[in-house]
Amino acid sequence: MSMRKLKHSLYLTLMKVAVNFAPSATYMAFAGSGSAAQLCRHIARTGVKKVLVVTDKPLRDLGIVDQATAAFAEVGVEVVIFDEVMPDPTFEQVASGRAMMREHACDAVLAVGGGSSIDAAKLIAASSTSEEDPRNWVGFGKVKHEMPTLYAIPTTSGTGSEATMGAVISDSVSHEKSIISGASLLPAAAALDPDLLLGLPAPITAATGMDALTHGIEAYICVWDRGTRLEHAGAAIKLVFEHLLTACNDGSNREAREAMSIAAYYAGIAINQVNVGNVHAIAHQVGGKYGIPHGLANSLVLPHVLEFCRVEARSRLAELARLVGAGQPGDSEEQLADAFIQAVRDLRAAVNIPETSDKIKPEDYDRLCELAMAECEGYPVPKLLDREGTMDILRKITG
């Protein structure tokens, strides 16, 4: 065993011990049409009088924020809106949100939006009761102080951030992404309301849906066997295969929208137990460097990473083939694993996601490779990224 693999194995062993001492995660979700109003009434019942809503300006302009929070007016909760979140939120955006929360003395935080808004809301809530620089919290379990209660209403079905204790924040200068994780960053409750997703454009539906699929797959094939990660990841993967294409082709289909919301939530629960993997290790780099949306970056990388670890993850990939109906009766594990990887490619093509991006530049390969290889060492992956494999993947996704 190489020194790098030995260090990775030791790290995972230590992490297994550490997470056993961490507070257990508690999940609460309202689901279905009108569930956003249910969540608002639940927040009011907890005694909240003024809530900071963290979102982005396009969602606010579309009226989705007002739609999601309309029930607050019925129950006497005052709403303050922070709509400065941008894709790949930065520490500076977090600081602006913290200033608004303190100025208005809000006593809870509600994220309304995609993963960027939810991740920003996590750090705004955490920093509102601390003078420490959030950059010092990069890593796991460093947010230890009391913070306001956090809630989430996702308006995309992808990141699963409404069900995770992690937040991804970008450096505004280097564009490198940092992960801050801890039990206190897990939203106390979420609403999975398909009514808020009916106008979501097909390209965003496709990319965020593939993001949820990536989470499910990475949780399913990882080398940790914790909690319900197999059950939740498997359910998420099956839901994506059954409903993503319909959600893309018929955005007004509430059944498909609700199924995709649940898929993203289930996948979030799964990665909350075991973390993500090599797909994210590469996608974070190309997303941060070139501004490629996270779901699209994951979609570009996913099938190539599955090929990279197909031997080590063969049994799990074969199980997933059976789960989604890929392959033929009597196929070997190897054949089923290949069939599942092809099914992922076919789904990606069916929802019109490209195989490459012309934003990625060969002159950046060395740095992207270095960062991806470093990041993957913190994940419970079946096979560590190496230079040859990572460079090959970068070449394959370059347009």
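Numbers here are sequence positions counted from 1.
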Worksheet entry | R60 side chain vs D83 backbone, donor-acceptor pair below 3.5 Å | no
Worksheet item: About how many Å separate CD1 of I124 and OG of S96, when rounded to the nearest 0.5 Å?
Response: 8.5 Å
Worksheet, complete the sentence: Between S128 and R102, the two heavy atoms sitting closest are O-NE, 3.1 Å
Discussion item. Please check if the number of heavy atoms outside E231 that lie under 6.0 Å from its CD is greater than 12.
Written reply: yes
Worksheet item: So does E255 have more than 12 non-hydrogen atoms from other groups sitting under 6.0 Å from CD?
Response: no
Practice prompt. Report the C-alpha distance between D195 and S33 in whole Å, list the side-chain angles of each, state the deciding distance to 0.1 Å, and finish with yes or no for side-chain hydrogen bond (donor to acceptor under 3.5 Å, both in side chains).
Written response: CA-CA 6 Å; D195 296 348; S33 181; 2.7 Å; yes
Discussion item. For E319, is there an ion pair with R322 - N to carboxylate O distance below 4.0 angstrom?
Written reply: no
Practice prompt. Using the rule that two of Ile, Leu, Val, Met, Phe, Trp, Tyr join whenever any of their side-chain heavy atoms come within less than 4.5 Å, decide whether L230 and F241 are in one cluster.
Written response: yes
Worksheet item: With distance as the sole test, does Q285 use its side chain to make a donor-acceptor pair with the main-chain N or O of A281 at under 3.5 Å?
Response: yes
Worksheet entry | From OG1 (T246) to CG (N253), nearest 0.5 Å | 6.0 Å
Discussion item. Under the criterion side-chain hydrogen bond (donor to acceptor under 3.5 Å, both in side chains), I'd like the reasoning laid out for T129 against E146: C-alpha separation, chi angles, the key distance, then a yes or no.
Written reply: CA-CA 7 Å; T129 52; E146 292 291 326; over 6 Å; no
Item to complete: Could you state whether L371 and L394 fall into the same hydrophobic cluster, counting links through intermediate Ile, Leu, Val, Met, Phe, Trp or Tyr residues with side-chain heavy atoms under 4.5 angstrom apart?
Response: no
Worksheet item: Considering residues at least two apart in sequence or located in another chain, which fulfil the side chain to side chain donor-acceptor pair (under 3.5 Å) criterion with Y266?
Response: none
Worksheet item: Between atom SG of C248 and atom CD1 of I204, what is the distance when rounded to the nearest 0.5 Å?
Response: 11.0 Å
Worksheet, complete the sentence: Looking only at heavy atoms, the pair that brings I292 and A297 closest together is CG2-N, 3.8 Å
Item to complete: Please report the C-alpha distance between K144 and E132 in whole Å, then the side-chain angles of each, then the deciding distance to 0.1 Å, and finally whether the salt bridge (Lys or Arg N to Asp or Glu O under 4.0 Å) criterion is met.
Response: CA-CA 11 Å; K144 299 178 180 179; E132 190 173 2; over 6 Å; no
Worksheet item: Just by modelled atom types, is the T205 backbone N or O under 3.5 Å from a matching donor or acceptor in the T208 side chain?
Response: yes
Worksheet item: For the side chain of R229 and the backbone of V274, is there at least one donor-acceptor N/O pair under 3.5 Å apart?
Response: no
Worksheet item: Measuring from D386:CG to E388:CD, what's the distance to the nearest 0.5 Å?
Response: 6.0 Å
Worksheet item: Salt-bridged, K177 to D171, with N to O below 4.0 Å?
Response: no
Worksheet item: Sub-3.5 Å donor-acceptor pair from the side chain of S35 to the main-chain atoms of G32, do we have one?
Response: yes
Worksheet item: Taking it one step at a time, do K122 and S161 satisfy side-chain hydrogen bond (donor to acceptor under 3.5 Å, both in side chains)?
Response: CA-CA 10 Å; K122 291 177 179 181; S161 188; 3.1 Å; yes
Worksheet item: Any donor and acceptor pair, going by atom type alone, linking the side chain of Y290 with main-chain N or O of K361 inside 3.5 Å?
Response: yes
Discussion item. If hydrophobic clusters are built from ILVMFWY residues whose side chains come within less than 4.5 Å, do M391 and V305 share one?
Written reply: yes
Worksheet item: Where the side chain of E307 meets the backbone of P303, is there a donor-acceptor pair that is under 3.5 Å apart?
Response: no
Response to the item:
Residues at least two apart in sequence or cross-chain that pass salt bridge (charged side-chain N to carboxylate O under 4.0 Å, His left out) with D338, listed by chain then number, are R310
Worksheet item: If we only count heavy atoms from C-beta on, is the C222 to N275 side-chain gap below 4.5 Å?
Response: no
Discussion item. By the ring pair (Phe, Tyr, Trp, His ring centres under 6.0 Å) test, which pairs, at least two apart or in different chains, include something from residues 37-76?
Written reply: F30-H42
Practice prompt. Begin with the C-alpha distance, continue with both residues' side-chain angles, and end with the deciding distance and a verdict on side-chain contact (heavy atoms from CB on, under 4.5 Å) for H232 and N272.
Written response: CA-CA 11 Å; H232 277 102; N272 206 40; over 6 Å; no
Worksheet item: Does M373 share a hydrophobic cluster with I393, counting links as ILVMFWY side-chain heavy atoms below 4.5 Å and allowing steps through other members?
Response: yes
Item to complete: Return the set of residues passing side chain to side chain donor-acceptor pair (under 3.5 Å) with S170 (not counting sequence neighbours), or none when no residue passes.
Response: none
Fill in: CG on L296 to CZ on R348, rounded to 0.5 Å
9.5 Å
Worksheet item: Under 4.5 Å between side-chain heavy atoms, hopping through other hydrophobics if needed: is there a path connecting L244 to L300?
Response: yes
Fill in: Over 12 non-hydrogen atoms of neighbours within 6.0 angstrom of NZ in K142
yes
Discussion item. Does K289, at its NZ atom, have more than 12 non-hydrogen atoms belonging to other residues, nucleotides or ligands within less than 6.0 Å?
Written reply: no
Worksheet item: So among D66, V65, L196, which one has a side chain to side chain contact (heavy atoms under 4.5 Å, CB included) with L59?
Response: V65
Worksheet entry | Check: T398/Y365 side-chain N/O donor and acceptor closer than 3.5 Å | yes
Worksheet item: Is a donor on one side and an acceptor on the other found under 3.5 Å between the side chain of D119 and the backbone of S116?
Response: no
Discussion item. Rounded at 0.5 Å granularity, tell me how far CD1 in I397 sits from CG in L302.
Written reply: 11.5 Å
Worksheet item: Hey, is the main chain of A191 close enough, under 3.5 Å, to the side chain of Q38 for a donor-acceptor pair?
Response: no
Discussion item. Looking at R98 and E131, is any side-chain nitrogen of the basic one under 4.0 Å from a carboxylate oxygen of the acidic one?
Written reply: no
Item to complete: Go through the structure and list residues passing side chain to side chain donor-acceptor pair (under 3.5 Å) with Y11, not counting sequence neighbours.
Response: none
Item to complete: Run the salt-bridge test on R4 and E377 with the 4.0 Å N-O cut-off and return the result as yes or no.
Response: yes
Item to complete: Not counting sequence neighbours, which residues clear ring-ring contact (aromatic ring centres under 6.0 Å, His included) with H215? List them please.
Response: H280
Discussion item. Treating D358 as the side-chain partner and G399 as the backbone partner, does any N or O pair qualify as donor plus acceptor under 3.5 Å?
Written reply: no
